[in-house]
Amino acid sequence: MAKATTKPQYWLFKSEPSAFSIDHLAASKDQTAPWDGVRNYQARNYLRDSVKVGDLVFFYHSREEPLGIFGTMRVVKAGYPDSTAFDPASKYFDPKSKPESPTWVMVDCQLVTKFAAPITRAALAEDETTADMLVLKRGIRLSIQPVTESQWKAAHRLAGVKS
DNA sequence: GCCAACGTTGGC
DNA sequence: GCCAACGTTGGC
């Protein structure tokens, strides 16, 4: 395994908390879990090509109030085949994806911090820097999004947490 | 729960 | 290769 030599990149991963929340991650063994079920090609390409071990990730809850960033994770395993695509019992089953030529990719993430209070969508929208985040843009459904360093730091200021 | 916006599928 | 129809996402 190559050691990460470049500085970490920043990301935001979206999840519906009823499916997988930050508390699910916190309750996982070693507070680590695969980020599976991504079924969008652009998001898949990020997971496959760009998300590296050591990268830092905001955990965003979508669909259910309160909407916002609930904490941070670190990538501990880079892209590898998403096994849920091979499992007919999984809701993420995709018969087009074969083990010998996987279509879908997942990474493993470990919880770093669960914020005392989430950084709400409303708070992100009010800050000059975080207002530009992709997650706030109308119609952007991408579940794996790049975040800039300045957005990462500004969001932490909103959370009252050191980045 | 609604529905606009989006991504994918499939007929042609 | 176009594009209408469809299913899904996700804020509201």
Side-chain angles (χ1 to χ4, degrees), chain A residues 9-28 33-51 55-73 75 78-109 111-148 150-152 154-161:
Chain A
Q9 300 298 120
Y10 303 101
W11 304 95
L12 180 146
F13 291 1
K14 281 194 285 204
S15 181
E16 290 188 36
S18 62
F20 189 77
S21 72
I22 196 163
D23 290 325
H24 288 119
L25 179 62
S28 301
W35 199 271
D36 58 19
V38 172
R39 295 293 179 268
N40 167 284
Y41 286 102
Q42 194 180 350
R44 187 279 311 269
N45 292 347
Y46 278 132
L47 288 181
R48 184 187 61 192
D49 305 332
S50 304
V51 176
D55 283 0
L56 297 167
V57 183
F58 282 136
F59 196 132
Y60 180 87
H61 284 190
S62 65
R63 282 283 268 172
E64 289 171 34
E65 295 290 341
L67 301 172
I69 297 168
F70 278 68
T72 60
M73 310 180 276
V75 177
Y80 63 106
D82 183 342
S83 53
T84 63
F86 312 138
D87 176 6
S90 170
K91 67 173 176 173
Y92 301 124
F93 177 59
D94 179 359
K96 297 193 300 303
S97 182
K98 306 291 184 193
E100 60 273 19
S101 60
T103 307
W104 305 114
V105 166
M106 59 189 181
V107 301
D108 287 356
C109 295
L111 183 67
V112 174
T113 307
K114 180 185 172 184
F115 295 144
I119 313 168
T120 64
R121 186 176 177 84
L124 291 171
E126 283 170 12
D127 179 86
E128 187 181 6
T129 302
T130 56
D132 285 336
M133 292 177 75
L134 284 175
V135 74
L136 296 181
K137 301 244 187 285
R138 177 182 178 75
I140 294 228
R141 309 199 314 205
L142 195 59
S143 65
I144 306 291
Q145 305 179 353
V147 170
T148 68
S150 59
Q151 289 166 350
W152 180 265
H156 277 85
R157 284 196 296 275
L158 296 176
V161 175

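The basis for the numbers below is simple: all heavy atoms, side chains too, and nothing from hydrogens, waters or symmetry mates. Residue numbering restarts at 1 for every chain, and letters A, B, ... go by the order of the sequence lines.
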- Message: Applying ring-ring contact (aromatic ring centres under 6.0 Å, His included) as the test, list every pair that has at least one member in residues 114-137 of chain A; sequence neighbours left out.
- Response: F115(A)-H156(A)

- Could you pull out all residues at least two apart from F93(A) that satisfy ring pair (Phe, Tyr, Trp, His ring centres under 6.0 Å)? none

- Strictly by modelled atom types, are R157(A) and T130(A) linked by a side-chain donor-acceptor pair under 3.5 Å? no

- Query: Is there a donor-acceptor pair under 3.5 Å between the side chain of T72(A) and the backbone N or O of V112(A)?
  - Reply: no

- Sidechain N-carboxylate O distance under 4.0 Å for D82(A), R44(A): no

- Query: With sequence neighbours left out, which residue pairs that include part of residues 92-103 of chain A fulfil the salt bridge (charged side-chain N to carboxylate O under 4.0 Å, His left out) condition?
  - Reply: D94(A)-K96(A)

- Message: I want to confirm an ordering. Mapping R138(A) and Y41(A) to their closest nucleotides on DNA chain B, which one lands closer to the 5' end?
- Response: R138(A)

- Query: Going through the checks in order, is the ring pair (Phe, Tyr, Trp, His ring centres under 6.0 Å) test met by W11(A) and F59(A)?
  - Reply: CA-CA 9 Å; W11(A) 304 95; F59(A) 196 132; over 10 Å; no

- Task: Please give the angle, rounded to 10 degrees, between the axes at the start and the end of the helix from dG1(B)-dC12(C) to dC12(B)-dG1(C), where five pairs define each axis.
- Result: 10°

- Is K137(A) touching bases, backbone alone, or none of the nucleic acid, heavy atoms closer than 4.0 Å? nothing

- Task: If a protein heavy atom is under 4.0 Å from the base, mark B; if only from the sugar-phosphate, S; if neither, -; do that for nucleotides 1-10 of chain C going 5' to 3'.
- Result: ------BBBB

- Query: With sequence neighbours excluded, what pairs up with D36(A) under the side-chain hydrogen bond (donor to acceptor under 3.5 Å, both in side chains) test?
  - Reply: none

